[in-house]
There are 2 protein chains.
Amino acid sequence: MTRNTTRTTSFDVAALAGVSQSAVSRAFTPGSSIAEETRQKVLEAAKKLNYVPNSIASSLTTKRTNIVALILGNLGNPFYVHVLHTFSQRLQEQGRQVLIFTVDPGAESDEAILHLLKYQVDGVILTAAQLSTRMTSICHDRGIPIVLFNRYIPGSDASGVRCDNAGGGRLIAEAFLAAGARSFLMITGDPKGTTSQDRARGFVERLLEEGVRRSDIAEIEGSSSYEGAYSAVLRHFGDKNRTRPEAIFGINDIMAMGAMDALRFRLGLKIPEDLMLAGFDDIPEGRRAPYQLTTVRQPINQMVDEALDMLHLDEPSLPIERGLDHPIAGRLIWRGTIPVPPAYQWPAGTTREAEPNAE
Amino acid sequence: MTRNTTRTTSFDVAALAGVSQSAVSRAFTPGSSIAEETRQKVLEAAKKLNYVPNSIASSLTTKRTNIVALILGNLGNPFYVHVLHTFSQRLQEQGRQVLIFTVDPGAESDEAILHLLKYQVDGVILTAAQLSTRMTSICHDRGIPIVLFNRYIPGSDASGVRCDNAGGGRLIAEAFLAAGARSFLMITGDPKGTTSQDRARGFVERLLEEGVRRSDIAEIEGSSSYEGAYSAVLRHFGDKNRTRPEAIFGINDIMAMGAMDALRFRLGLKIPEDLMLAGFDDIPEGRRAPYQLTTVRQPINQMVDEALDMLHLDEPSLPIERGLDHPIAGRLIWRGTIPVPPAYQWPAGTTREAEPNAE
DNA sequence: CGCTTCTATGAATGCGTATGCATTGTTTGC
DNA sequence: GCAAACAATGCATACGCATTCATAGAAGCG
């Protein structure tokens with residue numbers, strides 16, 4: 001059998017069921033005017049023929065594909081894998097599917113947008129990637145809602161959902177300060193990414209407020225990956241004259257983990273005894289026994305839900321909202337990489353976790 | 001502006017360019033009969049209008065969507081994230097896109113298949129999930145090629161690509177034996193999954209060949225996840241009378257890592273001094289300093305390429321091949337979790353890696 | 001019982017593009 | 001210099017379904 005088999009269409013089903021093609025269409029369209037008896041006849045015939053409505057054809061008239069595009073920049077970061085998984089599950093529950101576009105980290109997503117326009121997707125979620133304002137306005141003109149996940153485009157009026165990254169950076173700063181640190185190193189990611197910028201900004205702001213000197217806050221670039229942070233740390237500490245900071249903030253967990261391994265396994269340092277460390281995201285990997293990483297948890301489920309809400313997939317006739325920017329607070333998760341100060345007063349909203357791997 | 005804006009169609013472009021709609025279509029169809037001059041006129045007009053051909057409409061006549069469905073069972077295993085990424089990149093290079101279907105690990109994919117039929121995908125890749133033979137034959141009847149990735153369906157004639165899992169299990173067995181182990185524990189995954197079964201079978205076969213007693217090979221179930229293996233190990237060794245095996249084979253890397261962390265951080269054992277350990281897959285996480293996991297590397301790129309070849313996306317008129325089963329040999333990667341025997345003769349095809357995290 | 005109001009149905013049309021066919025103009029071959 | 005082959009183009013139609021419109025029958029109402 002070859003692939004040129006003519007497919008079974010609603011006409012075939014109609015013929016078998018002894019009704020019109022319209023009736024078949026209605027049988028598969030919830031809420032349409034059809035007698036229950038007729039519907040059953042149709043469904044029966046459809047089952048006999050293994051008929052499944054062709055959504056490609058139907059979306060031609062309905063102008064809805066039930067496909068949402070997800071642009072992903074960095075699958076090397078487990079956080080975004082989790083994000084993908086969450087989006088996919090939520091959308092599947094709604095009878096929608098995810099069309100994936102992977103983009104090289106840091107690269108422009110413009111080309112991806114051009115491709116997804118062809119598919120007439122109902123909406124676009126953009127994570128971990130750059131996008132020009134020209135593209136957002138093209139999407140807007142074509143009536144395709146686009147929501148930025150955990151980033152925003154300066155100077156654009158595209159809507160987005162994100163963690164309060166600056167606020168999270170401040171939480172980490174406070175934890176370090178409470179534990180007595182006075183000199184710091186930040187390992188930042190993509191310098192063009194607002195996520196990295198904002199976390200670093202909040203972190204530095206808080207430190208300066210507490211009187212830390214600017215010269216006691218160093219920064220190196222870890223290219224948003226485990227490997228990048230690992231080698232950045234080795235490079236930085238390769239200069240033996242460099243004074244060692246008391247605390248390191250990895251702008252995301254995967255980089256904090258890379259830094260941690262370099263510090264422990266290549267530089268022979270103990271954490272938190274010699275050096276304290278924190279990340280951001282709260283990926284499952286950071287909870288594991290070798291890491292026990294103190295971090296800020298991003299409320300993924302809530303962020304995903306709000307992002308999907310902003311897409312207004314169920315009310316396509318609504319005008320597309322613009323310029324919405326919805327920051328959601330993160331929460332400090334205190335684990336083993338920052339020593340607990342004596343008689344420490346835990347700030348509200350902090351979670352302390354010991355060994356979550358144990359059941 | 002609402003989403004009901006009438007879209008710009010090939011007719012609009014045709015009007016602006018002063019040609020017929022057919023000419024517009026041909027301008028965007030490589031290899032069609034159109035004068036270069038006309039094509040330029042059309043492309044110019046298209047650019048002015050931000051026109052992008054509607055592939056939904058075109059696939060209605062061409063019967064090709066340039067969409068490939070990827071059914072994923074377990075995104076908690078980084079190996080499959082890597083697989084997803086590789087498929088996505090390859091397909092994007094070909095101008096095709098990936099439609100994601102996530103399925104609960106161990107659950108049937110039948111429902112996913114029903115959904116993807118609606119989208120008239122050009123092909124299906126199934127990883128890490130169960131599938132009934134009824135579904136494979138429905139796909140077959142509808143002319144949709146389906147390729148199983150790293151699994152096969154007993155009793156079905158669906159084609160697939162996989163690592164030589166049994167052979168890989170044998171490699172691990174040999175490495176353990178060479179290092180002097182004589183008692184063993186296997187941590188297996190989904191009992192219905194052929195991948196886990198085959199690896200375990202090859203492992204046991206080889207051990208028995210070398211005179212290991214059946215009673216010296218134990219098995220526990222780790223549900224294919226880090227957490228599953230972690231707690232399975234704690235449960236198993238909670239029985240203090242249990243004699244400790246000399247070697248543990250985690251049927252995949254993520255489980256081996258979970259086992260390793262439980263052994264080290266909860267049971268206070270040293271690896272490889274007290275116990276040797278190996279995994280399977282060679283995920284990047286297992287290469288990292290805290291793990292240095294000895295494993296069998298699956299040749300992902302080759303497997304993905306062959307899987308895509310088997311889909312014959314470029315020759316849709318060919319009859320769908322059935323029953324092809326293409327095992328590809330894995331390669332032993334010897335790292336730190338198995339002690340190197342004195343004067344050991346490395347088998348052909350073994351790679352020895354010291355500290356790959358260092359640049 | 002005659003009227004209106006509803007419900008269920010089918011015929012016909014449109015969604016945006018690809019393509020077979022016919023037509024025109026151009027080039028080739030002898 | 002004329003027939004034949006060919007390249008470029010437009011017209012018309014098909015792809016599979018949703019939906020509007022018209023119609024026929026059923027039910028409600030006084």
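Values below: every heavy atom of this structure, side chains too, minus hydrogens, waters and symmetry copies. All chains are named by letter (A, B, ...) in the order of the sequence lines, taking the proteins before the strands, and each is independently numbered beginning at 1.
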Can you give me the N/O atom pairs linking the protein to nucleotides 22-24 of chain D at distances under 3.5 Å, or say none if there are none?
none

Where at least one partner belongs to [range], residue pairs that pass salt bridge (Lys or Arg N to Asp or Glu O under 4.0 Å), sequence neighbours excluded:
| range | result |
| --- | --- |
| residues 43-58 of chain B | none |
| residues 78-94 of chain A | A/Arg90-A/Asp305 |
| residues 17-28 of chain A | none |

Output the rounded distance in Å from [atom1] ([X]) to [atom2] ([N]).
| X | N | atom1 | atom2 | answer |
| --- | --- | --- | --- | --- |
| B/Asp12 | C/dC15 | CG | C1' | 13 Å |
| B/Leu49 | C/dG16 | CG | P | 14 Å |
| B/Lys118 | D/dA18 | NZ | P | 11 Å |
| B/Gln120 | D/dC15 | CD | C1' | 11 Å |
| A/Tyr51 | D/dG16 | OH | P | 10 Å |
| A/Gln21 | D/dA18 | CD | P | 8 Å |
| A/Arg7 | D/dC17 | CZ | C1' | 12 Å |

Straight-line distance of B/Leu49 CG to B/Thr8 OG1, nearest 0.5 Å: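 If I round to the nearest 0.5 Å, the distance is 6.0 Å.
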Separation of A/Asn50 CG from B/Ser137 OG (nearest 0.5 Å):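 B/Ser137 OG to A/Asn50 CG: 8.0 Å, rounded to 0.5 Å.
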Axial bend angle, the helix from C/dC1-D/dG30 to C/dC30-D/dG1: five-pair end segments, nearest 10°: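 The angle separating the two end axes equals 20°.
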Set of side chain to side chain contact (heavy atoms under 4.5 Å, CB included) partners for B/Asp309, sequence neighbours left out: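 Partners of B/Asp309 by the side chain to side chain contact (heavy atoms under 4.5 Å, CB included) criterion come out as none, since no residue qualifies.
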Any residue meeting side chain to side chain contact (heavy atoms under 4.5 Å, CB included) with B/Val19, in chain and number order, not counting sequence neighbours: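 By the side chain to side chain contact (heavy atoms under 4.5 Å, CB included) rule, B/Val19 matches B/Ala14, B/Ala17, B/Ala23, B/Val24, B/Thr38, B/Lys41, B/Val42.
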Residue pair A/Asp190 / A/Ser224, side-chain donor-acceptor N/O under 3.5 Å: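 Short answer, no.
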Sugar-phosphate only, base, or nothing, as touched by A/Val24 at under 4.0 Å among non-hydrogen atoms: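 The answer is nothing, as A/Val24 stays clear of every strand by at least 4.0 Å.
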Touch class at under 4.0 angstrom, heavy-atom based, for B/Ser25 against every strand present: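 Base contact.
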Pair B/Tyr80 and B/Phe87, ring centroids less than 6.0 Å apart: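 For B/Tyr80 and B/Phe87, the ring centres are not under 6.0 Å apart.
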Within residues 52-62 of chain A, residues whose heavy atoms come under 4.0 Å of DNA chain C: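 Going residue by residue through residues 52-62 of chain A, the ones with a heavy atom under 4.0 Å of DNA chain C turn out to be A/Leu60, A/Thr61.
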Sole candidate of B/Thr195, B/Asp325, B/Thr194 that passes side chain to side chain donor-acceptor pair (under 3.5 Å) when paired with B/Arg162: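 Filter result, single survivor: B/Asp325.
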Residue A/Arg26, side-chain atoms from C-beta onward, closest of C/dG16, D/dG16, C/dA11: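 Between C/dG16, D/dG16, C/dA11, the one nearest the side chain of A/Arg26 would be C/dA11.
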N or O in side chain of B/Ser10 less than 4.0 angstrom from C/dT17 OP1/OP2: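 So the side-chain polar atoms of B/Ser10 do come within 4.0 Å of the phosphate oxygens OP1 or OP2 of C/dT17, strictly under.
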Distance test, side-chain N/O of A/Lys63 to OP1/OP2 of C/dG16, below 4.0 Å: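 Checking A/Lys63 against C/dG16: at least one side-chain N or O falls below 4.0 Å of OP1 or OP2.
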Residue list, side chain to side chain donor-acceptor pair (under 3.5 Å) with B/Gln40, at least two apart or on another chain: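 Counting only residues at least two positions away or on another chain, B/Gln40 forms a side chain to side chain donor-acceptor pair (under 3.5 Å) with B/Glu36.
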For residues 144-155 of chain A, please give each side-chain donor-acceptor pair under 3.5 Å, one per line with the distance, not counting sequence neighbours.
unit_1	atom_1	unit_2	atom_2	d
A/Asn150	OD1	A/Cys163	N	3.1
A/Asn150	ND2	A/Gln298	OE1	2.8
A/Arg151	NE	A/Ala129	O	3.4
A/Tyr152	OH	A/Asp198	OD1	3.1
A/Tyr152	OH	A/Asp198	OD2	3.0

Interface residues of residues 28-42 of chain A with DNA chain D (non-hydrogen, below 4.0 angstrom):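 Those residues: none at all.
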Heavy atoms of other groups near A/Gln89 CD, more than 12 under 6.0 Å: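 Yes, CD of A/Gln89 has more than 12 neighbouring heavy atoms, counting only those of other groups under 6.0 Å.
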Pairs under 3.5 angstrom only: tabulate donor-acceptor contacts from the side chains of residues 96-104 of chain A to other protein residues two or more places apart or in another chain.
unit_1	atom_1	unit_2	atom_2	d
A/Arg96	NE	A/Gln94	OE1	3.0
A/Arg96	NH2	A/Gln94	OE1	3.3
A/Arg96	NH2	A/Asp314	OD1	2.9
A/Thr102	OG1	B/Ser88	OG	2.8
A/Thr102	OG1	B/Gln92	OE1	3.1

